[in-house]
Amino acid sequence: MPHKSTKNPLTPIKPRSLRLPPQNVAQALLGTYLVRNLNSCNTLVIRIVETEAYLGQTDPASHAYQNKRTPRTQTLYLNGGHAYIYLIYGLHNCLNVVTGNNTNGDAVLIRAGEPIEGRDIMIANRNLTRSATPRQIAGGPGKLCQALAIDRTLNAIPLDNPDAPLYLAQGTPVKKSQIIAGPRIGIDYAGEAKDWPLRYAIRNHPALSKPF
DNA sequence: CGGAAGATCCACT
DNA sequence: GTGGATCTTCCGA
């Protein structure tokens with residue numbers, strides 16, 4: 001049996017809650033836990049504090065825009081609840097949660113998280129020191145993946161299995177009044193879509209990738 | 001088969 | 001605020 005923290009029992013997320021529109025899922029994922037099982041003794045946990053919705057076929061910023069099918073984007077057309085992980089700028093991995101149940105290519109990018117368990121290992125993975133801030137550790141999609149040792153070898157796995165190397169677990173819901181929305185980051189190429197308010201975060205959280 | 005671009009991060013000014 | 005790193009992915013010829 002894998003060792004589990006007794007003070008913080010983690011319940012896997014219900015896939016049903018991910019088979020909804022990406023805007024809904026992006027907000028619902030705020031406050032939930034992302035769990036990385038490294039081996040039988042080491043578990044890393046981050047609380048998700050910032051997300052972005054990508055609207056699949058109808059979104060110029062999405063890799064699935066106009067139903068584009070390439071070897072890389074196949075994962076986006078899986079059922080909701082799978083991980084879509086890709087390499088960006090030749091350097092950084094980005095983690096998405098595929099959403100919906102109609103193979104639209106919808107997904108939610110996990111942009112930032114707050115270290116909950118295994119902070120020392122995250123700091124080592126990020127080549128930081130003990131004085132590192134939450135924003136330095138996982139305040140950005142590439143940083144978050146590096147902190148949790150997430151790369152493309154985990155692409156396309158389901159995220160509801162607590163025995164898998166990576167899964168989502170239920171957290172404490174975030175009040176609607178604490179959620180802020182704004183334009184997405186790094187998509188200047190996407191024309192009008194660059195202003196769509198599909199970036200969501202916990203208001204004023206110290207681990208956000210950028211202020212609103 | 002060449003070339004351009006990229007859902008980022010960091011160091012430097 | 002600016003530019004470089006770094007390499008996969010994709011498109012067009």
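Treat the numbers as computed from the prediction; the structure is a model and nothing was measured. Just so we're on the same page: letters track the sequence lines, and every chain starts at 1.
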Any base atoms under 4.0 Å from [X], or only sugar-phosphate, or nothing? Heavy atoms, all strands.
X: A:Gly142; value: sugar-phosphate
X: A:Lys194; value: nothing
X: A:Arg199; value: nothing

What's the [atom1]-[atom2] distance between [X] and [N], to the nearest Å?
X: A:Ile150; N: B:dT8; atom1: CD1; atom2: P; answer: 16 Å
X: A:Tyr54; N: B:dA7; atom1: OH; atom2: C1'; answer: 4 Å
X: A:Gln66; N: C:dC11; atom1: CD; atom2: P; answer: 11 Å
X: A:Lys68; N: B:dG6; atom1: NZ; atom2: P; answer: 10 Å
X: A:Arg184; N: B:dG6; atom1: CZ; atom2: P; answer: 14 Å
X: A:Lys143; N: B:dA7; atom1: NZ; atom2: P; answer: 18 Å
X: A:Ile85; N: C:dT8; atom1: CD1; atom2: C1'; answer: 16 Å
X: A:Ile88; N: B:dG6; atom1: CD1; atom2: P; answer: 8 Å

- Message: For B:dA7 and A:Tyr189 - does any side-chain N or O of the residue sit under 4.0 Å from the phosphate oxygens OP1/OP2?
- Response: yes
- Should A:Arg126 be listed as having a side-chain N or O under 4.0 Å from OP1 or OP2 of B:dC9?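 A:Arg126 to B:dC9 OP1/OP2: no side-chain N or O under 4.0 Å.
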- Task: Scan A:Thr51, A:Ile48, A:Ile46 and name whichever one has a side-chain contact (heavy atoms from CB on, under 4.5 Å) with A:Thr32.
- Result: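 Among the candidates, only A:Ile48 passes.
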Side chain of [X] (C-beta onward), nearest among [options]:
X: A:Arg72; options: B:dG6, B:dC10, C:dT9; result: C:dT9
X: A:Arg152; options: B:dC9, B:dT8, C:dT9; result: C:dT9
X: A:Leu91; options: B:dC9, B:dG6, C:dT6; result: C:dT6
X: A:Thr70; options: B:dC10, C:dT9, B:dA7; result: C:dT9
X: A:Tyr86; options: C:dT9, B:dC9, B:dA7; result: B:dA7

- is_close_aromatic(A:Tyr54, A:His63), centroid dist under 6.0 Å: no
- Task: Evaluate the side-chain proximity of A:Tyr167 to A:Leu10: yes if any heavy-atom separation is below 4.5 Å, no if none is.
- Result: yes
- Query: With a 4.5 Å heavy-atom cut-off, do A:Val35 and A:Leu166 have their side chains touching?
  - Reply: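 Counting from C-beta outward, A:Val35 and A:Leu166 never come under 4.5 Å.
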- Item | Closest heavy-atom pair and its distance - A:Arg119, A:Ser131 |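 Nearest heavy atoms, A:Arg119 then A:Ser131: NH2-C, 4.4 Å.
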- Query: Partner of B:dA7 by Watson-Crick or G-U wobble geometry, both contacts under 3.5 Å, or none?
  - Reply: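 Across any shown strand, B:dA7 pairs with none.
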- Message: Return the pairing partner of C:dT6 with a 3.5 Å limit on both distances, Watson-Crick or G-U wobble; otherwise return none.
- Response: none
